[in-house]
Amino acid sequence: MAKPAQGTKYRGSIHDFPDFDPSRDAEALYTAMKGFGSDKEAILELITSRSNRQRQEICQSYKSLYGKDLIADLKYELTGKFERLIVGLMRPLAYCDAKEIKDAISGIGTDEKCLIEILASRTNEQIHQLVAAYKDAYERDLEADIIGDTSGHFQKMLVVLLQGTREADDVVSEDLVQQDVQDLYEAGELKWGTDEAQFIYILGNRSKQHLRLVFDEYLKTTGKPIEASIRGELSGDFEKLMLAVVKCIRSTPEYFAERLFKAMKGLGTRDNTLIRIMVSRSELDMLDIREIFRTKYEKSLYSMIKNDTSGEYKRALLKLCGGDDDAAGQFFPEAAQVAYQMWELSAVARVELKGTVRPADNFNPDADAKALRKAMKGLGTDEDTIIDIITHRSNAQRQQIRQTFKSHFGRDLMADLKSEISGDLARLILGLMMPPAHYDAKQLKKAMEGAGTDEKALIEILATRTNAEIRAICEAYKEDYHKSLEDALSSDTSGHFKRILISLATGNREEGGEDRDQAREDAQEIADTPSGDKTSLETRFMTILCTRSYQHLRRVFQEFVKMTNYDVEHTIKKEMSGDVRDVFVAIVQSVKNKPLFFADKLYKSMKGAGTDEKTLTRIMISRSEIDLLNIRREFIEKYDKSLHQAIEGDTSGDFLKALLAICGGED
């Protein structure tokens, strides 16, 4: 079993087996493989219940007792993925890594993803052990083999990582942090071309603690995360390697949680990746990976493995996983804090919110009005001109164009646009032409019209808007529909859901900082409600989630984790249901990270068969001048593809052109 660092708790899922007897285990394995067929269940149970150190002792005893190589016998008796997993567990970690790298660079082609995963994530000590194991197992020099199979900057960074000379975490020099930020900025954003050597030197050698501070300062200095600069300045496998290094610097367990999720999502399973991670992290940080997986993907690692694999292979993986966080419902105390920090740090970083649509320079409403009139006059319509003008003007400028259009031509621009364009493009362009509060008011009205209510639209708007935006929406609703928004909500919704929406629609959320004492009281208030007392729980949550400031609520969530080892979002999902659950979850997610909330909504609007054009249009319009640039960054970070790519793959024609113009660029 790997020993935890001084002063830290062991975070692996596999422990030393009590009353361990290597000779007895060797005999049991020999019996399980003797005769016709093999007892796979006995092999699985024994090997996944022993630590790696104990397995090495079993190998030695097996050879002493039977004069045979245990790994060779296991290879002969087992097949397929189950065999790869069991044999991987029987090797010491360094030899397991050495075998993975040898396979990655053998034959035609190279498995760059495997090289990246191993070399970006291992500690100095693990790298040194890997290099020695490779030499011992294959009588070859790992660095020479890597150089022979890779090229360019990708090769140079791999060689730097292979040295295992990353500086140790120690007292960090603020001056050096500032110097590294400046050097990275000048090597990328400020330079024609990119000075890749600076990126390689700094990211390949500085300590983790130092680099985390560099990343924080880089964001403050440049207004963008280091990942965005890497994506903009580097390319190919080199870009992927540097992004993996950054992810591992920030949080190695989070990097592996993401790799595991991607290995199992969609059609087919990347079994080599799944096996490699489950084997290599089972005695290091599997509990942290599980916790972050549960927080980030809203399902347990255990349940995803269970649904994505089968047979003995599945049972062995589940043993390595070590438990189902969905079934237990409770977080590990240490990892609950990690889960909180994942979003608290980003929330506190005061990231500047930026839209993608900005006021046009040298704006001339007269010229724009005339160009739009010309685009709609006569036979046919010049959609390209309409899209170009309307998507490249701010909302305030569009209102000036409307007024100028009426003054010049005595015509209503909105009415003309409505008669000339149709379908998804019309909904998008007409939405852009409306003042934001009137647009939101219209979306709320539509959500409550006719048979059935679009609760998702009501939640999305009312749970995410600021006090000022809510008050403007209420005024616009009254002006446009001669009825108060509160009355409309009262007649179209019911129960606790109605009360929550009406509370949000008052726009009376507190504004200001956190009150630590009050935050503890608030956390205690919602933590004290007995499980099963749904009415009381919903009332208490409503009182706090609908009235406290965002900054204060972040502190409440932190205190709640400390008191209960639960994340407040998971408690809501466990204890509540239906629309009440959905609106509370939306508030919590918005408090945690509003751009990420919208990135998730956009992704869901385009994934699978069919597109939810209404949600896609509503978010692209409403966030275009507020935080769509931030949403883009969260989108690519979480889903490994840009919002631009997602829109391109899921829409078409003039609607696609207009959406891409609002999106504002490819990341």
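Everything numeric here is computed off the predicted structure, so don't read it as measured data.
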Worksheet item: Roughly how far apart are Ile459 CD1 and Phe497 CZ, rounded to 0.5 Å?
Response: 4.0 Å
Worksheet, complete the sentence: d(Ile226 CD1, Met242 CE) to nearest 0.5 Å is 8.5 Å
Discussion item. Quick one: does any side-chain atom of Asn52 pair with a main-chain N or O of Arg91 as donor and acceptor, under 3.5 Å?
Written reply: yes
Worksheet item: For Asp600 and Lys638, which heavy atoms make the closest approach, and how far apart are they?
Response: OD1-NZ, 3.1 Å
Practice prompt. First locate atom CG of Asp579, then atom CD1 of Ile500, and finally report the distance between them rounded to the nearest 0.5 Å.
Written response: 9.0 Å
Worksheet item: Mind checking whether Arg632 and Ser642 have side chains closer than 4.5 Å, heavy atoms only?
Response: no
Worksheet item: What's the verdict on side-chain contact (heavy atoms from CB on, under 4.5 Å) for Leu74 and Ile47, showing C-alpha distance, side-chain angles and the deciding distance?
Response: CA-CA 11 Å; Leu74 287 167; Ile47 289 174; 4.1 Å; yes
Discussion item. To the closest 0.5 Å, what do you measure between OG1 (Thr48) and CD1 (Ile86)?
Written reply: 6.5 Å
Worksheet item: Are Lys604 and Asp612 side-chain neighbours, meaning at least one heavy-atom pair lies under 4.5 Å?
Response: no
Worksheet item: Under the 3.5 angstrom rule, does the side chain of Arg581 hit a backbone N or O of Ile572 as a donor-acceptor pair?
Response: no
Discussion item. With heavy-atom distances below 4.5 Å as the criterion, would you say the side chains of Ile230 and Leu203 are in contact?
Written reply: yes
Practice prompt. Taking only Lys NZ, Arg NE, NH1 and NH2, and the carboxylate oxygens of Asp or Glu, determine whether Lys240 and Glu112 approach each other closer than 4.0 Å.
Written response: no
Discussion item. For Arg24 versus Asp19, what's the shortest heavy-atom pair and its separation?
Written reply: NH2-O, 3.0 Å
Worksheet item: Out of curiosity, Arg540 CZ to Asp522 CG, how far, rounded to the nearest 0.5 Å?
Response: 11.5 Å
Discussion item. Do Arg623 and Asn630 pair up side chain to side chain, a donor and an acceptor below 3.5 Å, judged on atom types alone?
Written reply: no
Worksheet item: So, does Gln54 use its side chain to make a donor-acceptor pair with the main chain of Phe17 at under 3.5 Å?
Response: yes
Worksheet item: What are the two closest heavy atoms between Met90 and Cys59, and how far apart are they?
Response: CE-SG, 3.4 Å
Practice prompt. Step by step, work out the side-chain contact (heavy atoms from CB on, under 4.5 Å) result for Ile305 and Met278.
Written response: CA-CA 11 Å; Ile305 291 170; Met278 294 302 290; 3.8 Å; yes
Worksheet item: Below 4.5 Å, heavy atoms only, C-beta onward: do Glu227 and Arg250 meet side chain to side chain?
Response: yes
Worksheet item: Rounded to the nearest 0.5 Å, what separation is found between the CE atom of Met304 and the SG atom of Cys321?
Response: 12.5 Å
Discussion item. As a quick check of understanding, evaluate side-chain contact (heavy atoms from CB on, under 4.5 Å) for Glu637 and Lys247, giving each step before the final call.
Written reply: CA-CA 10 Å; Glu637 185 64 30; Lys247 282 177 182 174; 3.6 Å; yes
Practice prompt. Check whether any side-chain N or O of Lys601 sits under 3.5 Å from a backbone N or O of Thr615 as a donor-acceptor pair, and report yes or no.
Written response: no
Worksheet item: When you measure from the side chain of Arg554 to the backbone N and O of Val591, does any donor-acceptor pair fall under 3.5 Å?
Response: yes
Worksheet entry | Non-hydrogen side-chain atoms of Arg633 and Pro595 separated by less than 4.5 Å | no
Practice prompt. Kindly assign one of parallel, tilted or perpendicular to the pair Tyr603 and Tyr639, based on the angle between their ring planes and the thresholds 30° and 60°.
Written response: parallel
Worksheet entry | Heavy-atom side-chain proximity of Arg294 to Leu301 below 4.5 angstrom | no
Worksheet item: Is the shortest heavy-atom distance from the side chain of Met620 to the side chain of Leu643 under 4.5 Å?
Response: yes
Fill in: Glu45/Lys319 ion pair, N-O < 4.0 Å
yes
Practice prompt. Would you mind checking if Arg618 and Glu460 are paired as a salt bridge, meaning a charged N to carboxylate O distance below 4.0 Å?
Written response: yes
Worksheet entry | Pairing of Glu117 and Lys113 as salt bridge, 4.0 angstrom limit | no
Fill in: Glu569 vs Phe584, side-chain contact (heavy atoms from CB on, under 4.5 Å): CA-CA, chis, key distance, verdict
CA-CA 8 Å; Glu569 185 178 333; Phe584 281 150; over 6 Å; no
Practice prompt. Answer yes or no: are there more than 12 heavy-atom neighbours, outside Lys573 itself, under 6.0 Å from its atom NZ?
Written response: yes
Worksheet item: Can you check whether Leu161 reaches Leu241 side chain to side chain, under 4.5 Å on heavy atoms?
Response: yes
Worksheet item: If only atom types and distance count, is the side chain of Ser590 paired as donor or acceptor with the main-chain N or O of Ile587 below 3.5 Å?
Response: no
Worksheet entry | Cys114 backbone acceptor or donor facing Asp111 side chain under 3.5 Å | yes
Worksheet item: Which atom names give the shortest non-hydrogen contact between Lys208 and Cys248, and what distance separates them?
Response: NZ-O, 3.4 Å
Worksheet item: In this structure, are over 12 heavy atoms from other groups packed under 6.0 Å from Lys306 atom NZ?
Response: no
Practice prompt. Please report the shortest heavy-atom distance between Arg50 and Arg55, naming the atom on each side.
Written response: O-NH2, 2.7 Å
Worksheet entry | Ion pair check, Arg499 and Glu538, cut-off under 4.0 Å | no
Item to complete: Locate the shortest heavy-atom distance separating Tyr10 from Ser282; write the atom from each residue and the value.
Response: OH-O, 4.0 Å
Worksheet item: Got a salt bridge between Arg276 and Glu100, using NZ or NE/NH1/NH2 to carboxylate O under 4.0 Å?
Response: yes
Discussion item. Regarding Lys641 and Glu648, does a basic nitrogen lie under 4.0 Å from an acidic carboxylate oxygen?
Written reply: no
Discussion item. If the threshold is 4.0 Å, N to carboxylate O, is there a salt bridge linking Asp16 and Arg53?
Written reply: yes
